[in-house]
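To start, the structure under review is shown below, and the notes come after it.
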Amino acid sequence: MANSAQAKKRARQNDKQRAHNASLRTQLRTAVKKVQKAVAAGDQGAAMKQMQESQSVIDRIADKRIVHKNLASRVKSNLVRAIKAMVAVVAPAAKTA
């Protein structure tokens, strides 16, 4: 437990900042889940639109160093790969119909 006034204030600031960072990480996870949900629904247009919105959220959180830039890059890459795979699966079915 903090004894000095400075240490008590620092502990309060740390708690506030930790809560804020947790909120931002939650935003990141929500953005990723929205894209994954659009991919699972099979709607390419919605998935691409959601990816564009989510990409800005992911980049903004990485710029603030809430998550590492490589993690943000990896997440975006995986989402784009999932969207492209969805398009590849949908395209042959459209040709046969």
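What's counted below: heavy atoms across the whole structure, side chains too, no hydrogens, waters or symmetry copies. Bear in mind that the values here come from a model prediction, so they are computed numbers and not experimental data.
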The criterion is side chain to side chain contact (heavy atoms under 4.5 Å, CB included); which residues satisfy it with A11, sequence neighbours excluded? none
OG (S23) and CG (L28) are apart, to the nearest 0.5 Å, by 11.5 Å
To the nearest 0.5 angstrom, please state how far the NZ atom of K76 sits from the CG atom of L71. 11.0 Å
Looking at side-chain heavy atoms only, is the closest gap between V80 and Q55 below 4.5 Å? no
Quick one: side-chain hydrogen bond (donor to acceptor under 3.5 Å, both in side chains) partners of Q6, sequence neighbours excluded? none
Taking only residues two or more places apart in sequence, or in another chain, which ones meet K64 in a side chain to side chain contact (heavy atoms under 4.5 Å, CB included)? L24, R60, I66
Within the 4.5 Å heavy-atom criterion, are R29 and T26 side-chain neighbours or not? yes
Please name all residues satisfying side chain to side chain contact (heavy atoms under 4.5 Å, CB included) with Q50, sequence neighbours left out, ordered by chain then number. K34, V35, E53, S54
Distance check, rounded to the nearest 0.5 Å: Q44 atom CD versus I83 atom CD1? 8.5 Å
Can you tell me how far apart CD (Q52) and NZ (K49) are? Round to the nearest 0.5 Å. 9.5 Å
Which residues pass the side chain to side chain contact (heavy atoms under 4.5 Å, CB included) test with K8, sequence neighbours left out? A2, R12
Can you name the closest pair of heavy atoms from M86 and A47 and give their distance? CE-CB, 4.0 Å
With heavy-atom distances below 4.5 Å as the criterion, would you say the side chains of T30 and V57 are in contact? no
By salt bridge (charged side-chain N to carboxylate O under 4.0 Å, His left out), which residues pair with R81, not counting sequence neighbours? none
One pair to check against side chain to side chain contact (heavy atoms under 4.5 Å, CB included): V67 and I58. What are the steps and the verdict? CA-CA 9 Å; V67 296; I58 294 167; over 6 Å; no
Heavy-atom closest pair, residues D43 and A46: OD2-CB, 3.2 Å
Just wondering, more than 12 heavy atoms not from N70 lying within 6.0 Å of its CG? yes
